[in-house]
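Notes to accompany the following structure.
Residue numbering restarts at 1 for every chain, and letters A, B, ... go by the order of the sequence lines.
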Protein chains: 2
Amino acid sequence: MPKRVDHEERRAQIAEALIQVAGRRGLHAVGMRDVAAEAGVSLRLVQYYFETKEKLLFYGLRHLTDRFTARVGARLAAAGPDPGPRATVEALLLASLPTDEESRTFHLLYSSYAILSVTDEALAAQPFIDNPDAAENALTGLLEHAQGAGLADPDADARTEAISLLAMAATMGTSILVGQRSPESAIAVLQHHLDRIFTTSGTAERVAGSS
Amino acid sequence: MPKRVDHEERRAQIAEALIQVAGRRGLHAVGMRDVAAEAGVSLRLVQYYFETKEKLLFYGLRHLTDRFTARVGARLAAAGPDPGPRATVEALLLASLPTDEESRTFHLLYSSYAILSVTDEALAAQPFIDNPDAAENALTGLLEHAQGAGLADPDADARTEAISLLAMAATMGTSILVGQRSPESAIAVLQHHLDRIFTTSGTAERVAGSS
DNA sequence: CCCTTCATGATACCGACGTACCATATTGGT
DNA sequence: ACCAATATGGTACGTCGGTATCATGAAGGG
């Protein structure tokens with residue numbers, strides 16, 4: 001037998017190529033030959049590791065979300081050990097904004113997949129749908145924890161605010177993507193709402209909030 | 001010469017067919033032949049009125065936004081003559097939510113065009129980019145007017161709130177589209193923020209309008 | 001040592017799609 | 001009434017993209 005190669009590693013390499021070329025020319029414009037050229041392999045190889053284009057696209061989606069999850073995790077780790085709830089929330093929200101090339105590609109492709117899934121039931125059945133729910137639950141928990149610690153407005157509805165923050169971050173991400181809004185203004189809007197939800201380390205609410 | 005036909009009307013008819021088929025199978029999957037079949041004309045006719053597919057797509061975008069603008073206008077008119085600021089804002093925001101087949105199609109296609117425009121500079125140069133700015137300005141003016149009339153929190157930043165409301169409505173529209181969220185929960189979140197911004201109770205516009 | 005199995009390359013096939021070309025019916029103007 | 005411009009149909013052409021087929025190299029096991 002020939003040099004037993006790691007299939008999973010090869011697949012990841014090819015999926016990476018898919019993400020790169022799709023990020024440049026758009027997901028709709030990507031072809032098997034483009035992916036092969038970008039990965040530096042032959043067309044046959046792409047066929048070998050992913051029998052069909054549909055499977056390649058599905059794997060690409062999974063790879064994309066995995067990479068993004070890892071990136072968010074790194075951002076959280078970079079925020080230091082045990083940061084405050086607000087710092088954690090900020091890190092989560094700002095990590096999803098397309099501020100550099102990698103996050104820009106992620107935002108573009110994730111949006112493309114989402115729009116595709118509306119009219120493609122096979123894609124809609126893929127596992128990327130539950131990701132937003134997880135983010136919503138995590139953010140809700142974070143806000144509730146902050147409320148319990150007296151750091152956030154106790155009268156706020158944590159889940160509603162979590163939904164709102166994620167919704168704003170998502171649309172503004174797209175606005176940044178199309179060049180309609182600057183990252184700075186998007187961050188300013190998010191900060192405005194965080195200022196509203198989190199009590200500003202001040203004296204007044206702290207007395208009422210802490211047991 | 002043969003029966004001089006109204007070119008603009010024909011173009012509108014074909015563009016309508018484009019919207020219908022694109023709403024069903026996705027904008028990426030639409031072809032000239034599909035549009036021709038949907039419109040009940042020959043492929044040659046589509047070529048005759050739109051020389052190229054690109055021009056057909058551009059015209060379709062314009063037609064889509066025009067129809068949506070008319071729809072929002074109708075919603076506003078249906079809200080009665082001189083409704084209160086909150087009722088107007090509600091009508092604007094709820095009109096953009098994909099609650100029926102027409103708005104669902106609009107949301108899907110507008111999002112598709114927007115995502116396409118990220119990697120297609122010819123599409124990015126089309127006139128649909130300034131539409132969001134217009135909505136933002138209109139909503140900001142509405143909020144400022146409400147503040148002036150003592151109906152809204154005077155300490156709120158009108159433009160920031162306008163941006164936030166539109167952003168939330170947009171993302172939630174997409175969430176409804178992909179079946180991740182119900183229209184009711186989206187409306188509830190928007191109402192929550194309107195309750196926060198507008199100070200007077202729900203029947204304010206009635207009192208201000210009649211008595 | 002050779003055979004089997006995995007990995008990879010080159011290329012052919014087939015359908016779809018956008019576009020171009022040719023043809024023809026219809027009717028308004030003089 | 002005839003010409004010419006307009007409107008519309010049918011169809012062919014070239015290309016591109018996904019998939020399938022054939023072929024070959026490379027190594028580990030009996």
Side-chain angles (χ1 to χ4, degrees), chain A residues 1-61 109 112-113 116 119-123 126, chain B residues 1-61 112-113 116 119-120 122-123 126:
Chain A
M1 306 169 180
K3 49 169 180 175
R4 306 291 295 254
V5 87
D6 186 344
H7 280 215
E8 212 50 43
E9 189 182 348
R10 262 261 194 281
R11 272 191 263 265
Q13 173 201 353
I14 296 176
E16 201 65 33
L18 164 67
I19 291 174
Q20 294 306 321
V21 61
R24 283 199 306 268
R25 298 206 278 270
L27 188 59
H28 68 284
V30 68
M32 306 277 282
R33 290 168 174 84
D34 303 300
V35 174
E38 179 81 14
V41 301
S42 73
L43 170 62
R44 181 68 182 84
L45 257 283
V46 181
Q47 280 188 265
Y48 183 72
Y49 289 101
F50 306 91
E51 280 103 56
T52 176
K53 185 187 183 183
E54 189 179 46
K55 291 179 181 174
L56 169 63
L57 288 178
F58 290 174
Y59 190 95
L61 172 60
L109 296 188
S112 300
Y113 275 113
L116 257 305
T119 50
D120 187 331
E121 57 183 27
L123 187 57
Q126 284 312 105
Chain B
M1 312 168 180
K3 50 168 180 175
R4 306 289 297 257
V5 85
D6 186 343
H7 279 216
E8 212 49 44
E9 189 182 346
R10 262 256 191 282
R11 271 192 264 264
Q13 172 201 353
I14 296 177
E16 201 65 34
L18 164 68
I19 290 173
Q20 294 306 321
V21 61
R24 283 200 305 268
R25 298 206 277 269
L27 188 59
H28 68 284
V30 68
M32 306 279 281
R33 288 167 175 83
D34 302 300
V35 174
E38 179 81 15
V41 300
S42 73
L43 169 62
R44 181 67 181 84
L45 257 283
V46 181
Q47 280 189 263
Y48 183 72
Y49 289 100
F50 306 91
E51 279 104 55
T52 175
K53 184 187 183 182
E54 188 179 47
K55 291 179 182 174
L56 169 62
L57 287 178
F58 289 175
Y59 190 95
L61 172 60
S112 299
Y113 274 113
L116 258 305
T119 49
D120 186 332
L123 187 57
Q126 285 311 107

Does OP1 or OP2 of C/dA7 have a side-chain N or O of A/His7 closer than 4.0 Å?
yes
State the CD-CG distance between A/Gln13 and A/Asp6, to the nearest 0.5 angstrom.
11.0 Å
Separation of C/dT8 atom P from A/Asp6 atom CG, nearest Å, is 11 Å
Under 4.0 angstrom, heavy atoms only, what part of the nucleic acid is B/Tyr49 near: base, sugar-phosphate, or nothing?
sugar-phosphate
Taking NZ from A/Lys55 and C1' from D/dG18, how many angstroms apart are they, rounded to a whole number?
14 Å
D/dT8 P sits how many Å from B/Arg11 CZ, rounded?
12 Å
The helix from C/dC1-D/dG30 to C/dT30-D/dA1: angle between its terminal axes, five pairs each, to 10°?
20°
Would you mind reading off the distance between B/Gln47 atom CD and D/dA12 atom P, rounded to a whole angstrom?
15 Å
Report the distance from atom CD of B/Glu9 to atom P of D/dA7, rounded to the nearest whole Å.
13 Å
CZ of A/Phe50 versus P of C/dT8: gap in Å, rounded?
13 Å
May I ask you to decide whether B/Arg24 forms a salt bridge with B/Glu38, counting only side-chain N to carboxylate O separations under 4.0 Å?
yes
Select base, sugar-phosphate, or nothing to describe what A/Val46 touches, counting heavy atoms under 4.0 Å on all strands.
nothing
Of the listed nucleotides D/dT19, D/dT8, C/dT8, the one nearest the side chain of A/Thr52
D/dT19
In terms of side-chain heavy atoms of B/Tyr48, which of C/dC17, C/dG9, D/dT6 is nearest?
D/dT6
When you measure from every atom of DNA chain D, which of residues 35-44 of chain A have a heavy atom less than 4.0 Å away?
A/Leu43, A/Arg44
Can you identify which nucleotide, out of C/dG18, D/dT19, D/dG9, has its nearest atom closest to the B/Met32 side chain?
C/dG18
